[in-house]
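Let me begin by presenting the structure, written as structure tokens, before commenting on it.
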Amino acid sequence: MRNILIIILLVALSGSLTAWHAAVLPQIDGPQLKFDGGDMKDYGKTMKGVLITDTFWFENTGSQPLVIGAVTPSCGCTSVAWTKIPVPPHQKGFVSFNLNTRKEDFGKFTKELFIQSNAVNATAKHGRYELQVRGVVKRRI
């Protein structure tokens, strides 16, 4: 009998917590960017002159189609490509880049890719989402 009362109490409490969670946390409506593996890639040590080519894959975890208007790199040593068609909710898209380390000085580097989109989770300060690429250019590895 005691076990049954505990189970009933837990089920009742569970329902109350779910209702509280729905009431307290706002539901966000609109497209949202969520990057597989995060929004930063660190390449560690690399030699000068290496071309780093990679892709950031993302999912639109929102409720409306995601549209990327532009992706702007922080320097001329980086070229970009991205999904140019609207990405429906729960579908994937990409932002690809080529970083030419031949133009980099020796030492640490950090490059940004600025995404202009209709995502509701873009930073309010700049109205854009930021990806980072990091590494260290060495003479020899």
Side-chain angles (χ1 to χ4, degrees), residues 2-141:
R2 182 176 177 192
N3 290 341
I4 293 173
L5 289 174
I6 291 173
I7 291 171
I8 291 171
L9 180 62
L10 289 174
V11 169
L13 184 58
S14 169
S16 296
L17 288 175
T18 302
W20 175 81
H21 181 265
V24 172
L25 296 178
Q27 299 298 316
I28 297 174
D29 189 31
Q32 294 186 53
L33 284 165
K34 181 177 182 211
F35 284 89
D36 300 346
D39 53 9
M40 191 271 296
K41 292 186 182 255
D42 190 333
Y43 293 93
K45 297 175 185 174
T46 187
M47 288 181 56
K48 190 173 184 83
V50 170
L51 180 66
I52 298 173
T53 300
D54 206 344
T55 300
F56 285 94
W57 288 96
F58 67 84
E59 180 180 350
N60 175 6
T61 58
S63 61
Q64 297 175 7
L66 173 73
V67 178
I68 296 178
V71 178
T72 308
S74 61
C75 72
C77 62
T78 307
S79 61
V80 294
W82 64 91
T83 302
K84 306 259 185 193
I85 60 173
V87 179
H90 309 293
Q91 297 297 312
K92 293 200 176 246
F94 69 91
V95 174
S96 295
F97 67 92
N98 294 316
L99 170 63
N100 188 345
T101 63
R102 180 176 44 110
K103 299 178 181 181
E104 291 299 312
D105 292 330
F106 292 108
K108 292 181 181 181
F109 67 85
T110 300
K111 305 297 177 189
E112 292 84 17
L113 306 175
F114 302 108
I115 301 172
Q116 298 287 341
S117 73
N118 65 337
V120 295
N121 60 335
T123 59
K125 183 177 179 183
H126 301 290
R128 61 188 183 191
Y129 198 95
E130 183 178 314
L131 301 173
Q132 284 192 344
V133 178
R134 297 179 184 171
V136 180
V137 175
K138 297 281 193 177
R139 294 181 198 278
R140 285 180 256 147
I141 296 180

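The closest donor-acceptor contact from the side chain of Asn121 to the backbone of Leu33 lies under 3.5 Å. In this structure, Ser74 contributes its side chain and Lys111 its backbone to no donor-acceptor pair below 3.5 Å. Formation of a donor-acceptor pair under 3.5 Å by the Thr46 side chain with backbone atoms of Val137 is not found in this model. Put simply, the side chain of Ser96 never gets that close to the backbone of Thr53: no donor and acceptor are under 3.5 Å apart. Side-chain N or O atoms of Thr55 include none that pairs as donor or acceptor with a backbone N or O of Val95 at under 3.5 Å.
From Glu112, atom CD reaches atom CZ of Arg134 across 9.0 Å, with rounding to the nearest 0.5 Å. Rounded to the nearest 0.5 angstrom, Leu99 CG and Cys75 SG are separated by 6.5 Å. Annotation: the span from Phe35 atom CZ to Trp57 atom CH2 amounts to 11.5 Å, rounded to 0.5 Å. Taking CE of Met47 as the reference point, atom CZ of Arg102 lies at 14.5 Å (rounded to 0.5 Å). The CD atom of Gln64 sits 8.0 Å away from the CG atom of Asn118 when rounded to the nearest 0.5 Å.
The neighbour count for Asp105 CG, taken as heavy atoms of other residues, nucleotides or ligands under 6.0 Å away, does not exceed 12. The number of heavy atoms from other shown groups lying within 6.0 Å of CG (Leu51) is above 12.
A pairwise comparison of heavy atoms in Val80 and Pro73 identifies CG2-CD, 4.1 Å as the closest pair. Contact between Pro65 and Pro89 at its shortest, heavy atoms only, is N-CD, 4.0 Å. The two residues Ile68 and Ser117 have their closest heavy-atom pair at CA-CB, 4.0 Å. Thr101 approaches Gly49 most closely through the heavy-atom pair OG1-N, 3.0 Å.
Applying the salt bridge (charged side-chain N to carboxylate O under 4.0 Å, His left out) definition to pairs two or more places apart or across chains, those involving residues 74-93 are Asp36-Lys92.
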Working for side chain to side chain contact (heavy atoms under 4.5 Å, CB included), residues Arg128 and Ile115: CA-CA 5 Å; Arg128 61 188 183 191; Ile115 301 172; 5.8 Å; no
Verdict with supporting geometry, Gln91 and Asn60, side chain to side chain contact (heavy atoms under 4.5 Å, CB included): CA-CA 6 Å; Gln91 297 297 312; Asn60 175 6; 5.9 Å; no
Verdict with reasoning, Leu66 to Phe58, per side chain to side chain contact (heavy atoms under 4.5 Å, CB included): CA-CA 11 Å; Leu66 173 73; Phe58 67 84; 3.3 Å; yes
Side chain to side chain contact (heavy atoms under 4.5 Å, CB included) between Tyr43 and Val50, worked out: CA-CA 11 Å; Tyr43 293 93; Val50 170; over 6 Å; no
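Applying the ring-ring contact (aromatic ring centres under 6.0 Å, His included) test to Phe106 and every residue at least two apart in sequence or in another chain returns nothing. Contacts of Phe97 classified as ring-ring contact (aromatic ring centres under 6.0 Å, His included), with partners at least two apart in sequence or in another chain: Phe56.
Between Val133 and Thr78 the shortest side-chain heavy-atom distance does not fall below 4.5 Å.
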